[in-house]
There are 2 protein chains.
Amino acid sequence: METKQVQRVSEDADVLRADSLAREIFSEVANKWALLIINVLGTRTLRFTELRNEVDGISHKMLTQTLRGLERDGVVHRTVYATVPPRVDYRLTEAGEALRETVNGMCAWTRRYLDEIEAARRRFAARERDAEQ
Amino acid sequence: METKQVQRVSEDADVLRADSLAREIFSEVANKWALLIINVLGTRTLRFTELRNEVDGISHKMLTQTLRGLERDGVVHRTVYATVPPRVDYRLTEAGEALRETVNGMCAWTRRYLDEIEAARRRFAARERDAEQ
DNA sequence: CGGGATCCTGTCTGATACTG
DNA sequence: CAGTATCAGACAGGATCCCG
């Protein structure tokens, strides 16, 4: 067994396998709050409250909870200053910044196709109305 | 008012605003099932059952539900053949393919940082154990 | 085969209150 | 200021049954 951990078992790395590690990580990251936080952090370092203000609509609880998950996965780095009142800084790790590239892409996509999507929705609604009766 | 709808009101296009259209669309797309479906579709055309087999772990219900949402937003195109038994094909629209680019990035990211994330998790768990008592 | 409808469970989420 | 705990409602998600 020479190539012990050199090449990871492919099953673990396949996002499409329900029980793979890749799927687990993907599921944790692929939700709006995590992605918005990553997007907002960017290359900056933000405090908890700043983050809360930037990601409009997120609750105190979801912010801590999501940050904890991202910290656990090494996507964000958390720095605690032993001051009073306490101060906690959040910034992306290298992995986080890499992920941010694609997240930016998603945000840009949303802006880019906003009008087309709105139009598609109208067409869909119209077709639905025709369909019934 | 000459520039009536030429430039969309910026608030609608800002993913960070809780009540914006952009946020609404972003939230609909930024979830694991939607992203996995988009990733699987790629440039191919797949039938319902094929899709179900490819996206391991998705339930019949979530697949239809998510597909309906994506169809509504004009991300996937649905073709129904009036045969018996019925045949329904799904493929990405242009908007869908554009989104897929970034989704692929996320999948690639997961594979790329799999080991680092696993290590980060171990460190996090270790720190947690130290912390208590 | 594709999909709608229903029921039921668990997780997500927000509001509120409390600690260091 | 940052974070935890708790409670209650909303919603995601699975299982099952029935229809064209």
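Proteins get letters first, then strands, A, B, ... in listed order; numbering begins at 1 in each.
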Practice item. Please list all pairs passing the salt bridge (charged side-chain N to carboxylate O under 4.0 Å, His left out) test where one or both residues lie in residues 44-55 of chain B, with sequence neighbours left out. Key: B:R44-B:E54
Check your understanding: Reading DNA chain C 5' to 3', what string of ( ), [ ], | and . shows its pairs, if Watson-Crick and G-U wobble pairs count only when both distances fall under 3.5 Å?
Key -> .|||||||||||||||||||
Exercise for review: Please list, chain by chain and in numerical order, all residues satisfying side-chain hydrogen bond (donor to acceptor under 3.5 Å, both in side chains) with A:E97, sequence neighbours excluded.
Suggested key: none
Exercise for review: Rounded to the nearest angstrom, tell me the gap between atom CD in B:E50 and atom P in C:dG3.
Suggested key: 13 Å
**Study point:** Set of side chain to side chain contact (heavy atoms under 4.5 Å, CB included) partners for B:E71, sequence neighbours left out
**Key:** A:F124, A:R127, B:R68, B:V76, B:R78
Practice item. Please name all residues satisfying salt bridge (charged side-chain N to carboxylate O under 4.0 Å, His left out) with B:D89, sequence neighbours left out, ordered by chain then number. Key: B:R87
Study note, to complete from the structure: When rounded to whole Å, the CD to P distance for the pair B:E28 and D:dA12 reads 10 Å
Check your understanding: How close or far is atom C1' of D:dC1 from atom CG of A:L67, stated in whole angstroms?
Key -> 14 Å
Practice item. Please tell me if the side chains of B:R100 and B:T43 come closer than 4.5 Å, counting only heavy atoms from C-beta onward. Key: yes
Practice item. Provide the full list of ring pair (Phe, Tyr, Trp, His ring centres under 6.0 Å) pairs with a residue in residues 26-77 of chain B, sequence neighbours left out, each pair given once. Key: B:F48-B:H60
Review point. In whole angstroms, how far is the P atom of C:dC12 from the CZ atom of A:R68?
Key: 16 Å
Check your understanding: Could you run down nucleotides 13-20 of chain C 5' to 3' and tag each one B, S or - for protein heavy-atom contact under 4.0 Å?
Key -> BBB----B
Review point. Base, sugar-phosphate, or nothing: which does B:R78 touch, judged by heavy atoms less than 4.0 Å apart?
Key: sugar-phosphate
Please list, one pair per line, the donor and acceptor atoms closer than 3.5 Å that link side chains of residues 13-21 of chain A to other protein atoms, with sequence neighbours excluded.
| from | atom 1 | to | atom 2 | distance (Å) |
| --- | --- | --- | --- | --- |
| A:D14 | OD1 | A:L16 | N | 2.9 |
| A:S20 | OG | A:D14 | O | 2.7 |
| A:S20 | OG | A:R17 | O | 2.9 |
| A:S20 | OG | A:R23 | N | 3.0 |

Check your understanding: Can you tell which of D:dG3, D:dC1, C:dG3 lies closest to the side chain of A:R47?
Key -> D:dC1
Practice item. Only one of B:L35, B:I37, B:V55, B:I38 passes side-chain contact (heavy atoms from CB on, under 4.5 Å) with B:T66; say which it is. Key: B:I37
Point to revise | Partners passing ring pair (Phe, Tyr, Trp, His ring centres under 6.0 Å) against A:W109 (at least two apart in sequence or in another chain) | key: A:Y113
Check your understanding: Rounded to whole angstrom units, what separation is found between the CZ atom of B:F48 and the C1' atom of C:dG4?
Key -> 11 Å
Check your understanding: Would you say B:Y90 reaches C:dC1's phosphate, i.e. side-chain N/O to OP1/OP2 under 4.0 Å?
Key -> no
Check your understanding: When all nucleic acid strands are considered with a 4.0 Å heavy-atom cut-off, which category describes A:Y81: base, sugar-phosphate, or nothing?
Key -> nothing
